[in-house]
Amino acid sequence: MAMTTDRTFDIFDSVGAVFQHRVDTYPESVCIREKDFGIWNEYTWADWGEHAQLIGYGLHALGLRRGDIVSIASEINKEWMFADLATICMGGVCSGVYPTDASSQVEYLINDSGTKFYFAEDEEQLDKVLSVRDRTPSLQKVIVFDMEGLQELNDAMCLSVEELYELGKAHREKHPKLWTEELGKAQSEDTMILTYTSGTTGPPKGAMITHRNVLFMMSCAQDCFQVKDGDRMLGFLPLAHVAGRMLYTFLVIESRAVVHLVESLETVAQDTAEIEPTVHFAVPRVWEKQYSSVSILIKEATPMGRWAYRVALRTGMKRAGYLKNAQTVPLMLECLFQLLNLVVLGNVKRLLGINKCRWLATAAAPIAPDLIEWYWSLGKPMYELYGQTECTGIATCNLESDHRIGSVGKAANGVQIELTEENEILIQSPGVIKGYWNLPEKTAETIRQGWLYSGDIGRVDSDGFVYVIDRINDIIITAGGKNITPSEIENQLKFSPYITDAVVVGDRRPYLTCLIMIDHENVTLFAQENSIPFTNYTSLCRTSEVVELIGSEIERVNSKFAQVETIKKFRLIEQLLDPEDEELTPTQKLKRKVINKKYASLIQEMYA
């Protein structure tokens, strides 16, 4: 991970132009692999270009014109990527819809954006959009990727993607130069995609991201990550999110890496182990889950195995201390580490699928520094970075040559970071969006004189490393006037293999309490090993043994904090949450405001 310059941002005026250049220059090179029924199918740049063209021509035949909105509701797959580039190259604006969104959210997104054309992955996604079409006047056509179970569909508004391909072929024969002409019309300041914020503080807002924003971030990401031609990446994050889009679409276009699209979210762990990515980015929830799974396996190991693991980790931590300070590792220490890596740590890394990774990266939510240290101890450097949808991704990044655990790195190349008097982080770069769709007042609040007001409290040390403390709105001020940073406590709690998530409560209250979401798999295993009877998730949460288990984990974390920062009472969320529940964002973050409102009675009980 080293810095370079003179990339796409300096050469091309539009993302479509870069994409077409890759298609023309490397037609036979593989760029996408997708797992289907256990088999990895390969798609070249020529394949991507051809499918994008046919969809683009088909949309144009249906009436798509420059600036029209096209929405895509689907899990990550090749069709998502084909339709995305088709829309962009034809001058449309592409908006992602999370496949977990309810029909009411689909209705809101279509109406807010003015979507004319809607891609639905399958019958489930089609049902959602058809159930609200009477209340979405802008909607003209719905295109379905997977027609399984829909062979009898006879609806004038709907057509299959195969029918769209045929329509595109016929339209291309009549207008062979249209694709090139539309590519030539693109301006760097044209809105290219709409990315809706996760809605943790209210209704989702559509961030208007331009060609210039994305071109800058393509170069910025490459400066930070140094992804190589042929590198293997795992594609599993939703493409409706700015991180997934930037990594699996735009960074692939920039670097010519190969993205491997998982068969389903349930097969992510297996697919990671199969492809052994060479570079790997994931949100903290993924890294926390990996650590939890290893912790449980170690507990089940033989005494000799547990001893060997502890010795290997201590050795790895000593070695990492030299590497983090850019020092040469002593020969004896390196030899001991390589031996322990051969017999212990290598097995752990192969199990997690990270054995071939040059680096690991994390962002999108706070992460415990101890978790980053654990990966370093395994022999895999992990780098934390920071950014937002509103700056098209990266603002700061830890680099191989310049990093500090606990920080989110220094400002990326071309990015300026400042702090207000209240220590709010301000960001200025060519990646800062031009505003929110149809929300001039919100735009004016968030972007002032070219500076993005992030809503995050932070600090910058004397060497320029940035530390994100918490969201401004999440800082807790107790009844005694003490300022508490909840994310720091929550990160330590999530480091437990038995806790998936936590929300610390205590604003204007006499002490701190906490709502806990248990790790279903690991707590179930704990219950089975200890012969604790339970029938379902709720009854599991209500067993005295599980409550005591979580209580002991909280006491362990309490010992690391001052008395005023300790958790005095807690309750378990007794509902097993999934991405379709309102409590969770699509990137698996608990919505603090929703949790506080929905579980108000449970919270009040802790203060009764």
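Sequential numbering from 1 along the given sequence is applied to the chain's residues.
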- request: List the steps and the verdict of side-chain contact (heavy atoms from CB on, under 4.5 Å) for Leu378 and Leu313.
  value: CA-CA 7 Å; Leu378 291 180; Leu313 268 192; 4.1 Å; yes
field: Nearest heavy-atom neighbours spanning Met233 and Leu247
entry: CE-O, 3.2 Å
Over all atoms of both residues, closest heavy-atom pair of Ala240 and Thr195: O-CG2, 3.6 Å
Test log, rule side-chain contact (heavy atoms from CB on, under 4.5 Å), inputs Asp463 and Arg404: CA-CA 10 Å; Asp463 294 321; Arg404 189 161 295 172; 3.0 Å; yes
query: Is there a donor-acceptor contact under 3.5 Å linking the side chains of Asp229 and Tyr26?
result: no
message: Is the distance from the ring center of Trp48 to that of Phe19 below 6.0 Å?
response: yes
query: Ile193 and Phe250: which non-hydrogen atoms are nearest, and at how many Å?
result: CD1-CE1, 4.2 Å
query: Is there a donor-acceptor pair under 3.5 Å between the side chain of Arg350 and the backbone N or O of Asn355?
result: no
- prompt: So do Val415 and Ile427 actually touch side chain to side chain, heavy atoms under 4.5 Å?
  reply: yes
task: Mind telling me whether Tyr98 and His241 have parallel, tilted or perpendicular rings, with 30° and 60° as the class edges?
output: tilted
query: Does Asn213 reach the main-chain N or O of Thr392 with its side chain, forming a donor-acceptor pair under 3.5 Å?
result: no
- prompt: Do other residues, nucleotides or ligands put more than 12 heavy atoms under 6.0 Å from Glu148 CD?
  reply: no
query: Arg358 versus Lys228: any side-chain heavy-atom pair under 4.5 Å?
result: yes
Over 12 foreign heavy atoms within 6.0 Å of CD, Glu274: yes
- prompt: Salt bridge check: are Asp501 and Arg285 linked by an N-O gap of less than 4.0 Å?
  reply: yes
message: What I'd like to find out is whether the side chain of Val268 reaches to under 4.5 Å of the side chain of Asp271, using heavy atoms alone.
response: no
message: With a 4.0 Å cut-off on N to O distance, would you call Asp519 and Lys289 a salt bridge?
response: yes
query: side chain to side chain donor-acceptor pair (under 3.5 Å) between Glu334 and Tyr322: does it pass, once the steps are laid out?
result: CA-CA 10 Å; Glu334 182 64 27; Tyr322 288 95; over 6 Å; no
- request: Measure the shortest side-chain to side-chain distance between Val93 and Ile88 over non-hydrogen atoms and say whether it is less than 4.5 angstrom.
  value: no
field: Tyr291 and Phe495 aromatic ring geometry - parallel, tilted or perpendicular at 30°/60° bounds
entry: parallel
task: Give a yes or no on this: more than 12 heavy atoms of other residues, nucleotides or ligands lie within 6.0 Å of atom NZ of Lys356.
output: no
- prompt: So do the side chains of Phe281 and Leu237 get within less than 4.5 Å of each other, counting heavy atoms only?
  reply: yes
query: Is Glu276 paired with Arg232 through a side-chain N to carboxylate O contact shorter than 4.0 Å?
result: no
message: ring pair (Phe, Tyr, Trp, His ring centres under 6.0 Å), that's the test. Do Phe225 and Trp359 meet it? Break it down for me.
response: CA-CA 9 Å; Phe225 296 141; Trp359 50 257; 4.9 Å; yes
- prompt: Is the backbone N or O of Glu75 less than 3.5 Å from a side-chain atom of Glu121, with the two atoms forming a donor-acceptor pair by type?
  reply: yes
- prompt: Are the side chain of Glu373 and the backbone of Met317 linked by a donor-acceptor contact shorter than 3.5 Å?
  reply: no
Thr87 side chain to Cys94 backbone, donor-acceptor under 3.5 Å: no
message: Has His260 got a side-chain atom pairing as donor or acceptor with Leu234's backbone, closer than 3.5 angstrom?
response: no
task: Supply the atom-to-atom distance Ser292 OG to Leu297 CG, rounded to the nearest 0.5 angstrom.
output: 11.0 Å
field: Ionic contact status for Asp84 with Arg245, cut-off 4.0 Å
entry: yes
- prompt: Please walk me through it: do Val294 and Trp374 pass side-chain contact (heavy atoms from CB on, under 4.5 Å)?
  reply: CA-CA 11 Å; Val294 171; Trp374 182 74; 3.8 Å; yes
- prompt: Step by step, would you call Ile354 with His280 a side-chain contact (heavy atoms from CB on, under 4.5 Å)?
  reply: CA-CA 8 Å; Ile354 61 173; His280 197 24; 4.2 Å; yes
Contact summary for Ala308 and Val344, nearest pair of heavy atoms: CB-CG2, 4.0 Å
- request: Could you tell me whether the side chain of Tyr165 reaches within less than 4.5 Å of the side chain of Ile55, counting heavy atoms only?
  value: yes
query: Does some side-chain heavy atom of Leu352 sit less than 4.5 Å from a side-chain heavy atom of Lys380?
result: no
field: Geometric class of the Tyr57/Trp179 ring pair [parallel <30°, tilted 30-60°, perpendicular >60°]
entry: parallel
- request: Heavy atoms only: give me the nearest Asn491-Ala368 pair and the separation to one decimal.
  value: O-CB, 3.6 Å
field: Considering all heavy atoms, the nearest Ser377-Phe337 contact
entry: O-CE1, 3.8 Å
Residue among Asp456, Thr396, Asn398 satisfying side-chain hydrogen bond (donor to acceptor under 3.5 Å, both in side chains) with Tyr386: Asp456
- prompt: Are the side chains of Cys224 and Ile394 in touch, meaning some heavy atoms are under 4.5 Å apart?
  reply: yes
